[in-house]
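The block underneath contains the structure these notes are about, expressed in structure tokens.
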Amino acid sequence: MQACPFDLSDPRLVPARPEIADARLRGHVEAERYVVGEERSVVVPAAPLRRTPRFDAGIETEAVMGDTVTAYGAEEGFVFVQFAHDGYVGYLPEAALGLAVAPTHRVTALRSFLYPGPDLKQPASGWLTLGARIRATETVGDYLRIAGGYVFAGHCVPLAAVEPDYAATAERLVGTPYLWGGRTSLGLDCSGLLQLCLAQAGIAAPRDADQQERGLGEALPLDFEGLRRGDVVFWRGHVGLMLDATRLIHANGHHMAVAVEPLREAVARIQANSYGPVTSIRRLTPSTAS
């Protein structure tokens, strides 16, 4: 039997349901039928991923424009998908998906508007978030032409360009409202903030704090001494990023926003009120970041 391509211990990453499963799971999980997924691209600014195909179901995470997914079939206006970038599975609105395309650029502004033509005086027809990936077909003056309209070229960079200082990206997001499952500059949760900032630095990261804690960097002592910019602090179910030796930036429910505060104050409050003590501190290096 071939090795299973998915982590069967983590239901967030296994593209299987009682009635269907990914064909690569044959022999590893039981299902009524096995299907080969179809690669699709997200074509809307953002869309919620839900655990069940219902519009009133809770949000697990978000898809943003340019995300690649594997689609396993549509039902009741939803498509069961798996994200290519972090393996998450769930249901996206069918209208959020289009044919698979290869992006050429990434949005680096917190938000940028889409226009029907290459003219800022035209009425905006949509928006794009930081990190959205787009396919530009031509440059017209100061604008890139993409499917659905035009976006200001100065708000975008070629896909291969990176922002090495991921803490600087986090600082740009201070004040962004807290949103459980959020991955856009309109709303973020703690692990969504970290994943988004690392992505701008070219570092692939899992979606949730527990996955990030297992998969990122090298462990440091838990004495809060000698910390530096970019170190990542984990609690059971929460994560934040160090801006320097003493200050933490994190999306959190206390401030209901991305906020900066002294690490020791955050540690005392979080231990007393929510997630308990710090479970680990990890340092990302070129050899351990991915």
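The figures that follow rest on heavy atoms only: side chains count, while hydrogens, waters and symmetry mates do not. The structure displayed is predicted, hence computed values, not measured ones.
Ring centers of F113 and F152: at least 6.0 Å apart, outside the cut-off.
Ionic pairing of K121 and D119 is not present here: no N-O contact between side-chain nitrogen and carboxylate oxygen is shorter than 4.0 angstrom. A salt bridge links R229 with E171: the closest approach of a Lys/Arg side-chain nitrogen to an acidic carboxylate oxygen falls below 4.0 angstrom. With respect to the salt-bridge test (charged N to carboxylate O, under 4.0 angstrom), the residues R264 and E225 qualify. A salt bridge links R17 to E75: at least one charged side-chain nitrogen sits closer than 4.0 Å to a carboxylate oxygen. The pair D208-R214 fails the salt-bridge criterion, with no side-chain N (NZ, NE, NH1 or NH2) lying under 4.0 Å from an Asp/Glu carboxylate O.
With values rounded to the nearest 0.5 angstrom, T61 atom OG1 is found 10.0 Å from R51 atom CZ. The CG atom of L216 sits 5.5 Å away from the CZ atom of F234 when rounded to the nearest 0.5 Å. Between the CZ atom in R40 and the CG atom in L92 there is a gap of 10.5 Å [rounded to 0.5 Å]. Separating the CD atom in Q211 from the OH atom in Y88 is a distance of 6.0 Å, to the nearest 0.5 Å. Here the NE2-CZ distance, from H155 to R111, works out to 11.0 Å after rounding to the nearest 0.5 Å. Atom-to-atom distance recorded for R33:CZ and E19:CD is 7.0 Å, nearest 0.5 angstrom.
For CZ of R145, the number of neighbouring non-hydrogen atoms (other residues, nucleotides, ligands) closer than 6.0 Å is 12 at most. Crowding of R54 atom CZ: a count of heavy atoms from other residues, nucleotides or ligands under 6.0 Å not exceeding 12. For CZ of R135, the number of neighbouring non-hydrogen atoms (other residues, nucleotides, ligands) closer than 6.0 Å is 12 at most. Applying the 6.0 Å contact sphere to CH2 of W180 captures no more than 12 heavy atoms from other residues, nucleotides or ligands.
When all heavy atoms of D86 and A205 are compared, the closest pair comes out as CB-O, 4.2 Å. Heavy-atom minimum distance, A153 versus L144: CB-CG, 3.9 Å. Taking every heavy atom of both residues into account, A21 and A31 meet most closely at CB-CB, 3.7 Å. The minimum heavy-atom distance linking G182 with E62 is given by the pair CA-OE1, 3.2 Å. Nearest heavy-atom pair, V89 versus L49, reported as atom, atom and distance to 0.1 Å: O-CD2, 3.5 Å. Closest of all the heavy-atom pairs between A219 and R282 is CB-NH1, 3.7 Å.
In this structure, the side chain of Y72 does not engage the main chain of D22 through any donor-acceptor pair within 3.5 Å. A donor-acceptor pair under 3.5 Å links the side-chain atoms of Q82 to the main chain of L13, judged by distance alone. Side chain of R207 to main chain of G87: no donor-acceptor pair is present (N/O by atom type, distance under 3.5 Å, no hydrogens or angles). The backbone N or O of A161 sits less than 3.5 Å from a side-chain atom of R106, completing a donor-acceptor pair. A donor-acceptor pair is defined here as one N or O able to donate and one able to accept, closer than 3.5 Å; such a pair exists between the side chain of Q212 and the backbone of P206. Side-chain N or O atoms of Q122 include none that pairs as donor or acceptor with a backbone N or O of P118 at under 3.5 Å. In this structure, S41 contributes its side chain and V101 its backbone to a donor-acceptor pair below 3.5 Å.
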Apply the test side chain to side chain donor-acceptor pair (under 3.5 Å) to residues T279 and R236: give CA-CA distance (whole Å), side-chain angles for both, the deciding distance (0.1 Å), then the verdict.
CA-CA 6 Å; T279 54; R236 193 175 303 279; over 6 Å; no
List the steps and the verdict of side chain to side chain donor-acceptor pair (under 3.5 Å) for S280 and E213.
CA-CA 8 Å; S280 71; E213 186 173 17; 2.6 Å; yes
Going through the distances and angles, do D231 and V233 end up as a side chain to side chain contact (heavy atoms under 4.5 Å, CB included)?
CA-CA 7 Å; D231 288 344; V233 183; 5.7 Å; no
Could you check S185 against T176 for side chain to side chain donor-acceptor pair (under 3.5 Å), going step by step and ending with a plain yes or no?
CA-CA 6 Å; S185 61; T176 301; over 6 Å; no
Test L25 against C4 for side chain to side chain contact (heavy atoms under 4.5 Å, CB included), laying out the working first.
CA-CA 7 Å; L25 289 171; C4 180; 3.6 Å; yes
Quick one, R283 with R228, criterion side chain to side chain contact (heavy atoms under 4.5 Å, CB included). Give me CA distance, side-chain angles, the key distance, then yes/no.
CA-CA 9 Å; R283 177 165 293 165; R228 67 189 189 196; 3.1 Å; yes
Do T246 and L263 pass the side chain to side chain contact (heavy atoms under 4.5 Å, CB included) test, and can you show the C-alpha distance, the side-chain angles, and the key distance before you say yes or no?
CA-CA 6 Å; T246 62; L263 173 63; 5.8 Å; no
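Under the 4.5 Å side-chain criterion, counting only non-hydrogen atoms from C-beta, H254 is not in contact with E261. With a 4.5 Å cut-off on side-chain heavy atoms, D210 and R12 count as touching. Counting heavy atoms from C-beta outward, L220 and L227 have side chains that approach closer than 4.5 Å. Between L196 and T169, the closest side-chain pair of non-hydrogen atoms is not below 4.5 Å. Put simply, the side chain of D142 does not reach to within 4.5 Å of the side chain of L120, judged on heavy atoms. The shortest distance between side-chain heavy atoms of T70 and P15 does not fall below 4.5 Å. Looking at L97 and V81, their side chains come closer than 4.5 Å, going by heavy atoms from C-beta outward. Contact of the V42 side chain with the V64 side chain is not registered, since no non-hydrogen atoms from C-beta on lie closer than 4.5 Å.
Tracing side-chain contacts under 4.5 Å through hydrophobic residues (I, L, V, M, F, W, Y), one never reaches V239 starting from M242; they form parts of separate clusters. There is a path of hydrophobic side-chain contacts, each under 4.5 Å, that joins L193 to L198. Side-chain heavy atoms closer than 4.5 Å link hydrophobic residues (I, L, V, M, F, W, Y) into clusters, and following such links, even through other members, never connects V107 to Y166. L173 and L241 fall within a single hydrophobic cluster, where Ile, Leu, Val, Met, Phe, Trp and Tyr are joined by side-chain heavy atoms under 4.5 Å apart, directly or via other members. At a threshold of 4.5 Å between side-chain heavy atoms, the hydrophobic network of Ile, Leu, Val, Met, Phe, Trp and Tyr places L186 and I59 in two separate groups.
Each of L130, T129, L179 was scored for a side chain to side chain contact (heavy atoms under 4.5 Å, CB included) with T184, with one residue passing: T129.
Cation-pi check for R50 over F78 is not met; the charged atom does not lie both under 6.0 angstrom from the ring centroid and within 45 degrees of its normal.
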